[in-house]
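What follows is one structure encoded as structure tokens, with my remarks underneath.
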Amino acid sequence: MEMEKVVVVVFALSVVLLLGLAQSFDFHEKELETEESLWNLYERWRSHHTVSRDLEEKNKRFNVFKENVKGIHEFNKKDEPYKLRLNKFADMTNHEFRATYAGSKVRHHTMFRGTSGATEGFMYENVSIPASIDWRTKGAVTPVKDQGQCGSCWAFSTVVGVEGINQIKTKKLTSLSEQQLVDCDTSVNEGCNGGLMDYAYDFIKSNGGLTTEANYPYTAQDGSCDKSKLISSLKVTIDGYQDVPANNENALMKAVANQPVSVAIEASGFGFQFYSEGVLTGYCGTELDHGVGVVGYGTALDGTKYWIVKNSWGDSWGEKGYIRMARGIKASHGICGIAMEPSYPLKTSKNPSEEEVSSLKDEL
């Protein structure tokens with residue numbers, strides 16, 4: 001009987017180790033010594049990430065990969081509170097990565113937005129805030145998603161906010177549809193070519209809510225709005241949104257203490273491309289190009305304060321799809337501009353019943 005317990009424990013530990021290996025890809029310094037060993041490393045990386053390339057493309061990509069490997073290796077020699085790692089972006093140039101995964105043009109849309117549709121005021125101005133909070137542990141955050149090669153991060157950022165406030169108000173966590181926003185919210189937002197979370201909140205309020213991800217699944221490409229999927233299945237409504245006072249991390253803390261918040265950041269740097277673990281403290285600018293969700297904040301054992309940020313590049317990136325970003329830096333805009341454009345949805349009304357949803361048929 002004792003032997004059976006030992007076998008079970010060993011098996012469980014093996015599964016944990018295998019799952020850990022599935023999420024990571026490490027290399028040794030010796031693998032960087034020769035062109036041949038680097039090529040073997042590239043082939044090992046391609047096999048790990050199931051990346052297919054023809055011979056001509058492989059030769060080109062190998063040279064990019066080689067430079068990225070060396071950059072990661074040199075960075076990790078430094079005494080920084082965060083580490084980089086080879087991930088699925090390892091044979092992309094930073095320019096290619098930026099165009100594909102950090103090309104939401106948030107800053108562009110903000111500049112041309114004009115008058116905001118946000119409800120005036122800041123409802124959390126006078127609330128007390130805890131030293132830390134993590135909405136994942138409170139059941140208000142769905143599993144990490146993957147936007148793929150589509151500049152739809154604005155939709156994912158918006159959905160983090162709506163999923164969060166819906167769970168807080170109803171005690172039910174429902175995964176909602178980013179694709180509905182990509183396909184249907186097109187009067188100003190541009191699907192895979194970028195958008196702005198505030199516009200998306202306006203759309204959700206004005207168009208009867210968001211349906212579930214299961215009902216309107218994500219395709220990672222632009223499509224036509226499928227209203228047939230909305231007639232009988234609009235699930236979650238909001239009553240508008242508010243902007244957090246800009247360039248004020250204390251105000252952002254107050255908002256995040258009460259619900260997950262949509263933010264825009266600059267995410268196109270080398271450190272972001274290959275972020276693996278720890279608290280990001282390195283330089284990044286304020287050219288807002290990516291939408292994410294802040295789902296908590298805390299303080300590391302060494303005293304470094306951080307934001308808990310949910311990304312939309314899959315759970316193999318970063319800390320299982322998340323990044324911790326330095327909080328309380330000297331610049332008022334926060335690291336990577338995180339405090340420049342925060343917003344959150346408002347929800348006081350109940351979600352419509354099935355009967356009420358059906359009555360919307362003629363309006364959609």
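If you read the sequence from its start, that first residue is 1, and numbering goes on from there.
Side-chain atoms of Asn68 come within 3.5 Å of backbone atoms of Ala90 as a donor-acceptor pair (strictly under, hydrogens ignored). A distance-only check finds a donor-acceptor pair linking the side chain of Asn351 to the backbone of Thr237 [under 3.5 Å]. Listed for the Asn189 side chain is no donor-acceptor partner under 3.5 Å among the backbone atoms of Gly191. Checking side-chain atoms of Lys347 against main-chain N and O of Ser349 turns up a donor-acceptor pair under 3.5 Å. The main-chain N or O of Leu346 is never found under 3.5 Å from a side-chain atom of Gln259 such that the two would form a donor-acceptor pair. Judged purely by atom type and a 3.5 angstrom limit, Thr170 uses its side chain to pair as donor or acceptor with the backbone of Asn166. Thr100 places no side-chain N or O within 3.5 Å of a backbone atom of Phe97 that could act as its donor or acceptor partner.
For the residue pair Asp91 / Tyr42, a side-chain donor-acceptor distance below 3.5 Å is found, with atom types taken as modelled. For the 3.5 Å distance criterion, the side chains of Ser177 and Glu213 fail to qualify, holding no donor opposite an acceptor. Side-chain contact, Tyr124 with Gln242: no donor N or O sits under 3.5 Å from an acceptor N or O. A donor-acceptor pair shorter than 3.5 Å can be found between the side chains of Trp307 and Glu249. In summary, the side chains of Asn87 and His49 do not present any donor paired with an acceptor at a separation below 3.5 Å, with no hydrogens or angles considered.
By the 4.0 Å N-to-carboxylate-O rule, Lys145 lies close enough to Glu163 to be salt-bridged with it. Salt-bridge check for Arg44 with Asp26: failed, with every basic side-chain N at 4.0 Å or more from each acidic carboxylate O. Classification of Lys310 and Glu319 as a salt-bridged pair fails, no side-chain N sitting under 4.0 Å from a carboxylate O. Salt bridge status for Lys66 with Glu35: present, with a side-chain N to carboxylate O gap under 4.0 Å.
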Start with the C-alpha gap between Met325 and Cys336, add the side-chain angles, then the distance that decides, and say whether side-chain contact (heavy atoms from CB on, under 4.5 Å) holds. CA-CA 9 Å; Met325 301 176 67; Cys336 305; 3.7 Å; yes

Full working for side-chain contact (heavy atoms from CB on, under 4.5 Å) between Met340 and Thr286: CA-CA 8 Å; Met340 292 175 68; Thr286 57; 3.6 Å; yes

Can you check ring-ring contact (aromatic ring centres under 6.0 Å, His included) on Tyr344 and Tyr241, steps first, answer last? CA-CA 6 Å; Tyr344 55 88; Tyr241 72 94; 8.7 Å; no

Go through the steps to decide whether Ile265 and Val292 satisfy the test side-chain contact (heavy atoms from CB on, under 4.5 Å), and finish with yes or no. CA-CA 8 Å; Ile265 57 174; Val292 289; 3.9 Å; yes

Tyr82 vs Tyr306, test: ring-ring contact (aromatic ring centres under 6.0 Å, His included). Steps then yes/no. CA-CA 12 Å; Tyr82 66 104; Tyr306 60 80; over 10 Å; no

Tell me, with the steps shown, if Leu181 and Ile204 meet side-chain contact (heavy atoms from CB on, under 4.5 Å). CA-CA 8 Å; Leu181 292 174; Ile204 295 167; 3.9 Å; yes

Tell me, with the steps shown, if Phe274 and Phe270 meet ring-ring contact (aromatic ring centres under 6.0 Å, His included). CA-CA 6 Å; Phe274 294 111; Phe270 188 84; 5.0 Å; yes

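Taking the ring centre of Tyr275 as origin, the terminal cationic atom of Arg85 falls outside the region bounded by 6.0 Å and 45° from the ring axis. In this structure, Lys229 forms a cation-pi arrangement with Tyr216, its terminal cationic atom sitting closer than 6.0 Å to the ring centre and no more than 45° off the ring axis.
Pairing each heavy atom of Asn250 with each of Ile129, the nearest pair is OD1-CD1, 4.1 Å. The heavy-atom pair separating Asp183 from Gly223 by the smallest distance is OD1-N, 2.9 Å. When all heavy atoms of Ser132 and Gly298 are compared, the closest pair comes out as CB-CA, 3.9 Å. Ser157 and Met197 make their closest contact through OG-CG, 3.4 Å (heavy atoms, listed as atom of the first residue, atom of the second, distance). Minimum interatomic distance between Ile168 and Ala140 (heavy atoms only, all atoms of both residues): CG1-CB, 4.4 Å. In this structure, Pro352 and Lys235 approach most closely via the heavy-atom pair CD-O, 4.2 Å.
For Phe156 and Tyr218, the distance between ring centers is under 6.0 angstrom. Residues Tyr101 and Trp317 place their aromatic rings such that the two centres sit no closer than 6.0 Å.
Cluster annotation: Ile308 is connected to Ile329 through the hydrophobic network of ILVMFWY side chains, with a link wherever side-chain heavy atoms come within less than 4.5 Å. In the hydrophobic clustering of ILVMFWY residues, with side-chain heavy atoms under 4.5 Å counting as a link, Leu173 and Val160 come out apart. Under the 4.5 Å side-chain heavy-atom criterion for grouping Ile, Leu, Val, Met, Phe, Trp and Tyr, Phe75 is connected to Phe65 within one hydrophobic cluster. At a threshold of 4.5 Å between side-chain heavy atoms, the hydrophobic network of Ile, Leu, Val, Met, Phe, Trp and Tyr places Val64 and Leu84 in two separate groups. With hydrophobic clusters built from ILVMFWY side chains whose heavy atoms lie under 4.5 angstrom apart, Met92 shares a cluster with Phe62.
For the pair Val159/Leu210, a side-chain contact is recorded, criterion being any heavy-atom separation below 4.5 Å from C-beta on. In this structure the side chain of Trp39 reaches within 4.5 angstrom of the side chain of Lys58, judged on heavy atoms. Counting heavy atoms from C-beta outward, Asn311 and Phe272 have side chains that approach closer than 4.5 Å. Residues Val309 and Ile338 have side chains in contact (heavy-atom distance under 4.5 Å, counting atoms from C-beta outward). No side-chain heavy atom of Trp154 sits under 4.5 Å from any side-chain heavy atom of Ser262. By the 4.5 Å heavy-atom criterion applied to side chains, Val144 and Lys320 are not counted as neighbours.
The CG atom of Asp198 lies 4.0 Å from the OG atom of Ser343; values are rounded to the nearest 0.5 Å. With values rounded to the nearest 0.5 angstrom, Gln221 atom CD is found 7.5 Å from Gln179 atom CD. In this structure, CH2 on Trp135 lies 9.0 Å from OG1 on Thr137, to the nearest 0.5 angstrom. Between Thr299 atom OG1 and Arg324 atom CZ the span is 11.0 Å, to the nearest 0.5 Å. Note that the OG atom of Ser224 and the NZ atom of Lys227 stand 11.0 Å from one another [nearest 0.5 Å]. Ser268 OG to His95 NE2: the interatomic distance, rounded to the nearest 0.5 Å, is 11.0 Å.
Partners of Lys171 under the side-chain contact (heavy atoms from CB on, under 4.5 Å) rule, at least two apart in sequence or in another chain, do not exist in this structure.
Dense packing is recorded around NZ of Lys83, with more than 12 heavy atoms of other residues, nucleotides or ligands lying under 6.0 Å away. Within 6.0 Å of CD in Glu120 there are 12 or fewer heavy atoms belonging to other residues, nucleotides or ligands. Shown here is Lys88, whose NZ atom has more than 12 heavy atoms of other residues, nucleotides or ligands within 6.0 Å.
The salt bridge (Lys or Arg N to Asp or Glu O under 4.0 Å) test with Glu74 singles out one residue from Lys77, Lys70, Lys78, and that residue is Lys77.
Using cut-offs of 30° and 60° for the angle between ring planes, the Trp313 and Phe89 rings count as perpendicular.
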